[in-house]
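What follows is a short report on a single structure.
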Amino acid sequence: MTDTLANTLDNNSKRSHRRTRMTVHERLQCIFDEDSFTEIGAERMHESAAFGLASKRHAGDGVVTGWGTVNGRPIALSATDFSVLGGSLGRAHAAKIHRIMDFALDQKIPYVCINDGGGARIQEGVGSLDGYGGIFRRHVKLSGVVPQISVIAGPCAGGAAYGPALSDFVFVIDELSETYLTGPAVVKKVTGEDVTGRSLGGAEVHSQRSGLAAFRCTDEEQCYEDVRYLLDILPSSCATPAPTWSRTANAEQSQERNNLILDSIVPESPRAAYDMREIFTLIVDDGDFLEVHEEWAPNLLIGFAHIDGRLVGIVGNQPSVLAGALDANAAEKGARFVRFCDCFSIPLLTFVDVPGFLPGSAEEQGGVIRRGAKLLYAYCEVTVPRVQVIVRKAFGGAYIVMDSIGLGANLSLAWPTNEIAVMGAEAAVEILHKRRLKQSSDVIGDVQQLADEYRNEVMHHTYSAERGFVDQLIDPSQTRGYIKRFLSAVSAGPHYGEDRKHGNHPQ
Ligand code: HXC
């Protein structure tokens with residue numbers, strides 16, 4: 001780190017601590033390997049004199065940019081310093097960010113952006129807006145080429161909110177993160193609404209409701225540790241494979257135990273809930289499943305894990321939330337993740353236990369057709385190796401959407417508990433035998449009997465495999481073995497290219 005930067009940061013550290021957040025210097029120390037950070041543009045200042053800015057020129061202009069390593073792998077970074085003009089972005093500040101983003105693109109290394117500021121610098125007018133234009137354009141150019149991670153490390157307004165929305169993963173921190181297009185004061189002035197920054201755009205809002213934040217952390221230390229972990233497992237760019245992960249000792253022995261547990265994990269009652277995460281953790285290396293968007297649309301699980309050291313993306317219905325039904329939020333959540341994995345040649349595993357799309361006017365009016373189509377589109381477009389595992393129910397459109405063979409799954413496996421149909425047996429007979437049931441003196445008994453017949457005829461567990469809609473029926477305990485063998489057969493499958501396949505556009 002340069003002396004200039006160190007002095008500036010030390011001068012500003014008291015103010016940052018008053019706001020109970022780390023200084024930029026401390027943040028860089030948490031993210032990068034020791035002494036690995038090289039700063040550029042440390043002397044750069046703004047040239048504006050408007051509205052008293054002439055007396056507020058700071059070396060670095062409120063943003064630190066440069067590169068360093070995380071566990072030995074190079075990463076480009078920009079980090080806003082709120083203690084300089086509220087972290088606002090003027091022309092010089094923006095030019096520094098443009099330069100480091102261009103560097104990330106040229107060198108094909110991940111880009112991390114720590115945001116902590118008030119957006120476009122009001123005194124610099126259109127020059128600030130143009131600066132954001134250049135940042136947004138670069139986020140889109142980087143999209144699908146290198147992983148982009150944003151941290152909301154303070155109040156982030158306007159452009160400081162839209163930049164993160166264009167990156168792949170957004171981290172928020174309890175008590176610290178706030179992000180909105182316009183801050184509480186402007187909201188009050190324009191609409192009369194009295195809101196706090198936290199209720200407008202705090203960590204919970206974005207991790208649970210808006211879907212902007214992929215990860216919520218309790219404090220800054222945990223946040224930067226988690227950022228490091230994510231960088232550790234991801235590939236550096238679309239041109240390189242993800243690092244191979246080493247397993248802990250005795251992993252195979254404990255795997256044998258896990259396989260046995262798997263055989264009895266699905267409840268006997270087809271309506272009983274269970275936690276799909278348990279299935280993931282029993283199958284993947286060391287039980288390590290890194291869940292993404294844990295709190296948003298929890299009826300669909302997404303995340304990363306390793307199988308035999310190889311990074312995979314996992315998507316799965318969650319029967320313990322809304323019985324695992326898909327809705328518009330879940331579809332968008334899944335779609336963006338599937339596209340991310342495709343961008344970076346990360347094989348996909350999809351675990352299915354889904355009773356259908358959530359019915360009702362709220363969903364229809366909320367755009368479930370349009371937004372659900374995004375998940376369909378994403379799966380249809382991917383070219384990475386992909387395995388579908390049908391755990392239990394797979395009904396209707398939701399069966400198709402969850403990476404069915406029709407959409408292009410390379411391998412479809414089904415457990416003995418699988419039930420694949422246009423809809424559940426009871427719902428099916430109520431439509432098919434509407435007239436008969438109207439005249440029945442024992443509706444419940446008749447529905448039961450007809451539903452059993454329907455199940456035995458078109459939903460029994462070998463039905464789909466006999467007709468080629470499932471490649472192989474397997475016991476749950478065989479799942480990991482099949483996936484391992486599949487991954488070794490497709491090891492040359494992903495195409496690591498100089499050019500991106502496509503961007504990872506915001507949903
Ligand atoms: C210049 C700014 C500034 C800005 C804050 N400051 N935002 N200076 N331009 N955009 C300055 C303040 O004047 C103050 O300076 C210091 O930073 C700290 O700000 P405070 O308001 O005291 O801090 P806090 O109470 O924590 O509130 C932080 C805040 C608030 C929520 C970010 O400052 C705020 O709402 N700022 C304006 C946000 C905004 O509307 N930005 C423009 C968005 S439009 P002193 O000298 O008093 O310490 C945009 C264009 C792109 O970004 C849009 C793309 C969609």
Side-chain angles (χ1 to χ4, degrees), residues 8 11-24 45-58 60-63 78-95 97-98 101 113-140 150-167 170 172-203 205-206 210 212 220 505-506:
T8 310
N11 289 341
N12 293 328
S13 67
K14 280 194 192 108
R15 187 165 177 179
S16 283
H17 278 303
R18 270 208 302 274
R19 303 186 60 88
T20 63
R21 56 214 213 227
M22 287 184 179
T23 63
V24 177
M45 296 184 199
H46 69 73
E47 289 156 24
S48 177
F51 291 96
L53 274 188
S55 61
K56 294 180 179 169
R57 299 182 78 210
H58 300 267
D61 202 33
V63 62
S78 65
T80 326
D81 185 352
F82 190 87
S83 62
V84 177
L85 296 166
S88 60
L89 178 139
R91 288 186 66 190
H93 179 125
I97 297 178
H98 296 170
M101 291 179 89
C113 177
I114 302 181
N115 297 271
D116 186 0
R121 188 172 294 158
I122 297 162
Q123 302 92 320
E124 292 198 43
V126 67
S128 308
L129 301 178
D130 179 68
Y132 267 124
I135 289 175
F136 299 157
R137 179 161 57 85
R138 285 170 174 82
H139 270 299
V140 175
S150 293
V151 178
I152 308 288
C156 294
Y162 262 134
L166 293 169
S167 61
V170 176
V172 290
I173 303 156
D174 285 342
E175 315 287 336
L176 186 59
S177 304
E178 288 176 13
T179 187
Y180 20 66
L181 288 189
T182 43
V186 180
V187 171
K188 173 82 179 156
K189 199 161 183 56
V190 176
T191 70
E193 189 189 357
D194 225 336
V195 277
T196 62
R198 195 168 165 188
S199 64
L200 187 62
V205 170
H206 289 298
S210 76
L212 175 74
E220 285 204 76
H505 55 67

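Since this is a predicted model, take the numbers as computed values, not measurements. Start at 1 and go down the list; that is how both ligands and their atoms are numbered. Counting from 1, the numbers follow the sequence of the chain as shown.
- Between I122 and S88 the shortest side-chain heavy-atom distance does not fall below 4.5 Å.
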Report task. Please step through side chain to side chain contact (heavy atoms under 4.5 Å, CB included) for the pair L53 and L85, ending with a clear verdict. Result -> CA-CA 9 Å; L53 274 188; L85 296 166; 4.0 Å; yes

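- Under 4.0 Å from ligand 1, not a single heavy atom of F51 appears.
- Checking only distances, G118 does come within under 3.5 Å of ligand 1, N or O to N or O.
- At least one N or O atom of I122, backbone or side chain, sits closer than 3.5 Å to an N or O atom of ligand 1.
- With values rounded to the nearest 0.5 angstrom, T80 atom OG1 is found 5.0 Å from N115 atom CG.
- By the criterion of a heavy-atom distance under 4.0 Å, the side chain of L129, and not its backbone, is placed next to ligand 1.
- Applying the 4.0 Å criterion to heavy atoms of Y180 picks out, from ligand 1, the atoms 31 (C).
- Compare L85, T182, T179 by their heavy atoms: the one nearest to atom 8 (N) of ligand 1 is in L85.
- Using a 4.5 Å heavy-atom cutoff, the side chains of L129 and Y132 are not in contact.
- Atom numbering of ligand 1 starts at 1 in the shown order; those under 4.0 Å from a heavy atom of G158 are 43 (C), 49 (C), 52 (O), 53 (C).
- Ligand 1 has at least one atom lying under 4.0 Å from a heavy atom of Q123.
- Below 3.5 Å of separation, one finds an N or O of A120 facing an N or O of ligand 1.
- At least one N or O atom of G86 sits closer than 3.5 Å to an N or O atom of ligand 1.
- When all heavy atoms of P184 and T196 are compared, the pair lying nearest together is CG-C, 4.1 Å.
- At a threshold of 4.5 Å between non-hydrogen side-chain atoms, the residues H46 and H58 do not count as touching.
- Residue P164 comes nearest to S150 through the heavy atom pair CA-OG, 3.3 Å, listed as atom of the first residue, atom of the second, then distance.
- The OG1 atom of T179 sits 5.0 Å away from atom NE2 of H206, with the distance rounded to the nearest 0.5 Å.
- Below 3.5 Å of separation, one finds no N or O of V186 facing any N or O of ligand 1.
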